[in-house]
Amino acid sequence: MIRVHDTLTGKIVDLEPARPGRISMYVCGPTVYNQIHIGNARSMVWFDMIRRYLRYRGFEVMYVQNYTDVDDKIIERANLEGIAAEAVANKYEHAYELVMGALGAEQPDILVRATQHIEDMVAAIKGLIDRGMAYESGGNVWFSVEAFPGYGKLSNRSLDDMRAGERIEPSEHKRNPLDFALWKSAKEEEPSWPSPWGPGRPGWHIECSVMSTKYLGMGFDIHGGGSDLIFPHHENEIAQAEGLMGSEPFARNWLHAGMVQMEAEKMSKSLGNFVLTAEIVERFDPEAVRYWALMGSYRSQVTFSEATLNDATQAHSRWATFLTAARHALGDDAPTDLVTHRPVDAAEGEPLPQYVARAVEGLDDDFNSAAAFAAIHDLVREANRSIEGAQLNEPEAKKTLSGLLEQFLELTHLFGFTFPRTTEGTEILGALVEYLLELREDARKDKSFDRADAIRARLIEIGVAVEDTPAGPRWRIADNG
RNA sequence: GGCGGCGUGGCCGAGUGGUUUAGGCAAGGGCCUGCAAAGCCCUGUACAGCGGUUCGAUUCCGCUCGCCGCCUCCA
């Protein structure tokens with residue numbers, strides 16, 4: 001049984017899908033008005049990981065993610081750049097896909113855009129008005145928070161609490177200052193769509209209520225996003241969906257990722273204190289960035305620092321180095337297939353391999369990746385010991401190492417690591433390096449260590465690290481220096 | 001002010017009512033090596049503070065201090 005932290009109840013609960021064996025999940029994606037920062041990326045990498053894990057555990061996962069491609073910021077940006085709002089959205093969608101791809105995130109099963117669901121939203125808004133949950137005023141439509149008794153249940157606050165906050169400016173059009181926009185009338189030159197209330201565009205929150213239920217149905221299994229979306233965004237989504245359908249729940253489990261901080265402050269596009277993901281992916285190995293994103297609990301907030309990114313790089317390269325070492329030691333006996341599924345309901349009697357079992361135990365518990373990483377590191381230590389000690393010509397020892405390597409590949413693949421640098425390059429590169437190493441071995445045999453060291457030094461400059469072992473030299477792609 | 005969370009060894013970061021160490025990074029010592037690199041072994045005696053519950057608390061409760069998030073667009 002997989003257990004997850006559910007924001008609505010505030011508890012760790014058993015993940016019980018509405019339909020056995022299937023998980024439907026919806027994750028709030030970016031508003032595409034500029035590039036994503038590393039905080040956005042961490043969150044999305046985590047939901048990618050959650051999806052991968054659920055699939056690994058045997059669920060058939062339907063993963064829907066949205067692009068908010070119409071909103072004030074996009075319009076602002078379009079005016080600034082002198083291009084159409086649509087062009088702005090397209091541009092940053094591409095940028096998003098590029099950088100998330102680099103981080104090893106898989107494409108959602110369904111990618112939805114607000115602008116492609118305007119009619120659905122108009123219909124939903126009409127329905128809300130009909131049900132007395134919303135009202136029109138001057139071309140705008142507002143959701144009436146007082147009409148939805150459950151308002152505040154996700155973020156655990158009451159209307160009274162919020163009023164005390166005093167931070168929301170009352171609008172003459174609103175009956176209650178906390179009422180939020182379902183439909184905004186368009187000003188001149190703004191992108192707009194026809195509606196019964198005049199030309200305009202949807203409010204931000206309605207798109208997610210409409211698109212999630214359209215593709216996944218009411219009562220889908222997991223709704224995810226950053227913790228900053230709890231209020232008002234997700235609170236409003238619940239109000240809209242449940243208000244419209246007259247039933248609950250909108251979503252069965254709410255998962256929220258912790259924020260990335262800059263120093264002692266939240267990284268935020270509006271604060272301007274962000275680090276672009278594209279820049280980080282440029283400067284660090286993308287897999288190391290993924291390691292960084294996944295090394296702590298998804299719920300924790302983390303402070304961004306290059307030092308931590310460097311730690312992650314080192315830790316990740318320990319795995320990469322092990323992979324080449326193990327392959328070198330095993331040669332043709334290295335495993336090629338890897339296990340990609342460990343269903344929760346798998347037949348009893350077939351215990352999981354040791355380290356896989358540890359990782360699964362951790363991950364079943366609200367995706368405790370740190371426990372799983374620890375298991376992988378312990379696995380690597382044991383395997384390195386066996387490479388070291390190693391009479392690897394003994395079949396028994398080889399078999400042990402091979403088994404460990406299988407577990408390693410299974411687990412790292414589960415986390416989305418493929419270690420491209422260990423297999424990077426063409427056969428020609430490999431052949432060239434092998435040839436140089438032959439020359440170097442000749443030199444070493446002649447005790448011409450100067451020559452041998454010169455070759456090694458040159459190779460490391462180029463980015464190829466050479467390590468001598470009793471079984472001959474091995475090499476790997478490495479940072480130079 | 002309301003709601004939520006956090007404070008673990010130099011840093012990052014799990015976890016637990018007690019007897020055996022999370023893990024990683026960094027540091028020091030050692031082994032291995034022609035020299036390296038990689039790896040392996042060893043070392044550091046951590047749980048903000050103060051009370052309480054308990055035979056026993058880092059782990060439960062209360063308080064104090066400090067920090068952060070949400071309450072406005074935001075992953």
Side-chain angles (χ1 to χ4, degrees), chain A residues 7 10 27-31 33 36-47 68 71-73 152 155-158 160-169 178 204 224-233 235 256-261 264-271 274 291-292 295-297 299-303 305 307-319 321-322 324-325 358 362 365 368-378 380-389 444 447-450 452-453 456-457 460 465-470 473-476 478:
Chain A
T7 305
V27 176
C28 289
T31 301
Y33 73 96
I36 61 165
H37 59 60
I38 194 68
N40 303 129
R42 185 180 103 113
S43 184
M44 299 315 288
V45 163
W46 250 113
F47 284 109
T68 297
D71 120 308
D72 295 351
K73 293 243 168 73
S155 54
N156 192 24
R157 57 191 80 191
S158 68
D160 292 342
D161 290 343
M162 289 183 274
R163 277 208 193 130
E166 280 295 316
R167 287 179 63 180
I168 299 157
E169 287 180 28
L178 295 167
W204 175 38
S227 64
D228 54 350
L229 298 184
I230 295 170
F231 191 92
H233 187 54
E235 192 70 69
H256 288 103
M259 297 291 100
V260 172
Q261 313 281 126
E265 194 174 49
K266 189 180 85 167
M267 185 178 292
S268 154
K269 287 183 182 178
S270 52
L271 290 173
F274 54 81
Y291 185 108
W292 168 83
M295 70 187 190
S297 163
R299 287 200 280 139
S300 302
Q301 57 183 31
V302 298
T303 300
S305 83
T308 310
L309 226 29
N310 281 325
D311 288 356
T313 303
Q314 289 304 110
H316 174 267
S317 77
R318 175 177 156 80
W319 291 356
T321 301
F322 159 70
T324 38
R358 266 180 64 188
D365 181 18
N368 186 339
S369 54
F373 277 26
I376 297 173
H377 278 292
D378 284 344
V380 166
R381 180 176 307 100
E382 185 188 335
N384 275 331
R385 220 183 278 151
S386 89
I387 290 173
E388 176 117 318
R444 292 181 73 210
K447 307 273 187 225
S448 305
F449 293 119
D450 287 351
D453 289 351
R456 185 173 61 194
I460 193 68
V466 176
E467 287 145 11
D468 296 321
T469 79
R474 69 177 179 232
W475 63 277
R476 61 191 163 86

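Here is the naming used below: chain letters follow the sequence lines, and residue numbers restart at 1 for every chain. For clarity, every value in this text was computed on a predicted model and none was experimentally measured.
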Query - Secondary structure string for RNA chain B (Watson-Crick or G-U under 3.5 angstrom, | for other-strand pairs) - result: (((((((..(((.....[....))).(((((.......)))))....(((((..]....))))))))))))....

For [X], side-chain contact (heavy atoms from CB on, under 4.5 Å) partners two or more places apart:
X        : answer
A:Thr321 : A:Arg476
A:Thr469 : A:His328, A:Ala471, A:Arg474
A:Asn156 : none
A:Val302 : A:Arg42, A:Val260, A:Trp292

Report task. Would you please name every residue forming a ring pair (Phe, Tyr, Trp, His ring centres under 6.0 Å) with A:Phe322, sequence neighbours left out? Result ->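 Once residues adjacent in sequence are excluded, the partners of A:Phe322 under the ring pair (Phe, Tyr, Trp, His ring centres under 6.0 Å) criterion are A:Phe408.
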
Sequence-distant partners of [X], side chain to side chain donor-acceptor pair (under 3.5 Å), two or more places apart:
X        : result
A:Ser297 : none
A:Ser317 : none
A:Asp468 : A:Arg440, A:Arg444
A:Gln314 : none

Query raised in the report: Once each nucleotide of nucleotides 11-19 of chain B is scored for protein heavy atoms under 4.0 Å, what B/S/- sequence comes out, 5' to 3'?
Result: BSSSS----

Requested in this report: Let me know the distance between CG of A:Asp160 and P of B:rG1, rounded to the nearest Å.
Outcome: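 In whole Å, B:rG1 P and A:Asp160 CG are 18 Å from each other.
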
What are the atom names and distances for every N/O pair under 3.5 Å that joins the protein to nucleotides 39-41 of chain B?
unit_1	atom_1	unit_2	atom_2	d
B:rG39	O3'	A:Asn384	ND2	3.0
B:rG39	N2	A:Glu388	OE2	3.1
B:rG39	N3	A:Glu388	OE2	3.4
B:rC40	OP1	A:Arg318	NH2	3.4
B:rC40	OP1	A:Asn384	ND2	3.4
B:rC40	OP2	A:Arg318	NH1	3.3
B:rC40	O4'	A:Glu388	OE2	3.4
B:rC41	OP1	A:Arg385	NE	3.2
B:rC41	OP1	A:Arg385	NH2	2.9

Query raised in the report: For the residue pair A:His377 and A:Trp319, does the interplanar ring angle fall in the parallel (under 30°), tilted (30 to 60°) or perpendicular (over 60°) class?
Result: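 If you compare the ring of A:His377 with that of A:Trp319, the planes turn out tilted.
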
